[in-house]
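Presented below is the structure to which this report refers.
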Amino acid sequence: MTKAAVMGAGSFGTAFAKVLCDAGTETVIWARRGAVAESINERHVNPDYLSEVVLPDGLRATDDHREALAGAGVVVLAVPSQTLRTNLAEWAGVIGPQATLLSLAKGVESGTLMRMSQVIGEVAGADANRIAVLSGPNLAKEIAQGQPTATVIACPDSARAIALQRACATGYFRPYTNTDVIGCEIGGAAKNVIALCCGMAVGIGLGENTLAAIITRGLAEMTRLGVALGANAKTLSGLAGVGDLVATCSSPLSRNRTFGERLGAGESLESAQAAANGQVAEGVKSCSSVRALAQSYGVEMPLTDAVHRVCHEGLTPQEALAQLLKRDMKPE
Ligand SMILES: NC(=O)C1=CN([C@@H]2O[C@H](COP(=O)(O)OP(=O)(O)OC[C@H]3O[C@@H](n4cnc5c(N)ncnc54)[C@H](O)[C@@H]3O)[C@@H](O)[C@H]2O)C=CC1
Ligand SMILES: O=C(CO)COP(=O)(O)O
């Protein structure tokens, strides 16, 4: 049976490792800190993330990446998108030549404007057929509680996608397969930015009309970008697009929405960052890389542009909102 190595013991790495174990897949999780690995092995609890959840007895943990990766047929990359390149560079030499690389990260790399599957291909020297991405409405805490959840596993090689689907399907976790890696990745990266925007609206004190408008127009702009990059528009109207957008924009569990809410309520970027307690709100960096990627393809993304200006150019959320409403009238 295939062994899975989950590289990263943050919220989603921990939740997904539990899913794999519950699905009957032999799983080892790599944690940066030895104390976290020790706690998972001895007390079946990750003290830093989802600490209220009891993890399966069968989940093994280590802070030694060589030990985690030894013999792994599936390598799950569960680190933030802006550190994935550096992390993977350390691990690439010990990843098996046929192993499937599954990315959980939702972001676009700053500077290179590469999607995570592209970064993985470059750093690990892996063929695109070995690289898969998982994306969908997947709030880690709800998954860890065993709440019914659906997701998408995208890989150009359908057989690998099906093998991954089998490796993580449980009574509460239902993965669908897709070959549209670009669509899934753009959906995942772009919805974090739109969730920041929704959070800002909530922080300002606005209601459901505004949120619905942001979600719907957010979907329009992320679909424009996805299609320009070669995605299938249907992917963006599925779980990895609309599904994730709705979950993240609506849930107080979302780090991105919560971060935006703090900005909307008048907190500074630094103060919102401090309140995040080291947990990643990917949209804060990806708003700039998604915006730059869109600009390089001549795609208009007014909400993403507004979030970038608030996060990085000193505009207040109120000013950004006023500017959005002053845009030229147009047909839908
Ligand atoms: N938390 C969630 O509900 C979901 C998260 N994701 C995505 O999964 C990816 C990972 O997210 P989470 O596990 O939630 O993040 P997190 O902030 O909870 O954990 C990040 C993990 O990466 C590790 N790490 C390794 N090298 C690092 C470095 N150089 N700097 C910072 N952290 C480093 C940390 O120790 C930690 O274990 C993100 O791209 C996120 O968008 C996707 C779906 C759901
Ligand atoms: O990707 C997620 C849900 O699908 C998690 O969103 P946050 O990173 O905003 O918590």
Side-chain angles (χ1 to χ4, degrees), residues 6-19 29-37 39-40 46-51 53 61 63 65 68 76-91 102-109 115-117 119-120 133-145 147 149-153 173 175 184-185 187-199 239-262 272-273 276-287 289:
V6 177
M7 305 303 287
S11 303
F12 201 33
T14 303
F16 192 63
K18 178 178 183 296
V19 169
I29 186 166
W30 169 84
R32 272 204 294 185
R33 296 195 306 112
V36 172
S39 170
I40 294 174
N46 181 334
D48 292 349
Y49 299 93
L50 306 172
S51 57
V53 175
D63 62 349
H65 71 271
V76 180
L77 300 163
V79 290
S81 54
Q82 304 305 330
T83 76
L84 177 61
R85 178 180 292 275
T86 323
N87 289 128
L88 185 55
E90 266 184 54
W91 306 331
L102 175 64
S103 165
L104 305 188
K106 294 176 175 173
V108 169
E109 191 176 49
R115 291 174 284 104
M116 293 301 104
S117 62
V119 173
I120 294 166
V133 306
L134 181 145
S135 198
N138 294 163
L139 294 155
K141 188 172 181 182
E142 295 183 4
I143 294 175
Q145 290 170 340
Q147 295 191 30
T149 298
T151 198
V152 180
I153 293 172
F173 195 76
C184 286
E185 290 190 304
K191 66 86 193 177
N192 282 334
V193 181
I194 304 303
L196 275 168
C197 192
C198 281
L239 289 164
V242 174
D244 204 0
L245 190 59
V246 169
T248 315
C249 291
S250 319
S251 174
L253 290 178
S254 158
R255 282 97 35 105
N256 286 286
R257 187 181 119 136
T258 303
F259 198 107
E261 198 172 335
R262 290 182 175 278
Q273 235 137 19
N277 237 337
Q279 292 208 36
V280 68
E282 292 276 23
V284 177
K285 291 208 170 125
S286 281
C287 61
S289 44

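Remember, predicted model here, so these are calculated numbers, not experimental data. Sequential numbering from 1 along the given sequence is applied to the chain's residues. Order of appearance sets the numbers: ligands from 1, and atoms from 1 within every ligand. All heavy atoms count here, side chains included; hydrogens, waters and symmetry mates do not.
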Quick one: which ligand 1 atoms are inside 4.0 Å of a heavy atom on [X]?
{"X": "Lys106", "result": "39 (O), 41 (O), 42 (C), 43 (C)"}
{"X": "Ala140", "result": "1 (N), 2 (C), 3 (O)"}
{"X": "Asn87", "result": "25 (C), 26 (N)"}
{"X": "Arg255", "result": "1 (N), 2 (C), 5 (C), 14 (O), 15 (O), 18 (O)"}
{"X": "Leu139", "result": "3 (O)"}
{"X": "Ala9", "result": "37 (O)"}

### Query
Relative to atom 3 (C) of ligand 2, which among Leu239, Asp244, Thr151 owns the nearest non-hydrogen atom?
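Going through Leu239, Asp244, Thr151 one by one, Asp244 has the nearest heavy atom to atom 3 (C) of ligand 2.
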
Geometry only, no angles: is [X] polar-contacting ligand 1 at N/O separations under 3.5 Å?
{"X": "Val280", "value": "yes"}
{"X": "Trp30", "value": "no"}
{"X": "Ala105", "value": "no"}
{"X": "Gly8", "value": "no"}
{"X": "Pro80", "value": "no"}

Looking at [X], which atoms of ligand 2 are within less than 4.0 Å of one of its heavy atoms?
{"X": "Ser254", "result": "7 (P), 9 (O), 10 (O)"}
{"X": "Arg255", "result": "7 (P), 8 (O), 9 (O), 10 (O)"}
{"X": "Lys106", "result": "1 (O), 2 (C), 3 (C), 4 (O)"}
{"X": "Asn256", "result": "7 (P), 8 (O), 9 (O)"}

### Non-neighbouring partners of Arg262 that pass side-chain hydrogen bond (donor to acceptor under 3.5 Å, both in side chains), sequence neighbours left out
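Arg262: side-chain hydrogen bond (donor to acceptor under 3.5 Å, both in side chains) contacts with Glu267.
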
### Task
Could you tell me whether some N/O pair between Arg257 and ligand 2 is separated by less than 3.5 angstrom?
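The answer is no, given that Arg257 and ligand 2 share no N or O pair closer than 3.5 Å.
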
#### Entry: Within-shell test, Gly136 vs ligand 2, heavy atom, strictly < 4.0 Å
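Within the 4.0 Å threshold, so yes.
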
### Query
Any non-hydrogen atom of Lys191 lying under 4.0 Å from ligand 2?
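Judged by the 4.0 Å heavy-atom criterion, Lys191 does count as contacting ligand 2.
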
### Query
Say you draw a straight line from CG of Asn192 to CZ of Arg255; how long is it, rounded to the nearest 0.5 Å?
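That separation rounds to 8.0 Å.
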
### Query
Just by modelled atom types, is the Val108 backbone N or O under 3.5 Å from a matching donor or acceptor in the Ser81 side chain?
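Not confirmed, Ser81 side chain does not pair with Val108 backbone.
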
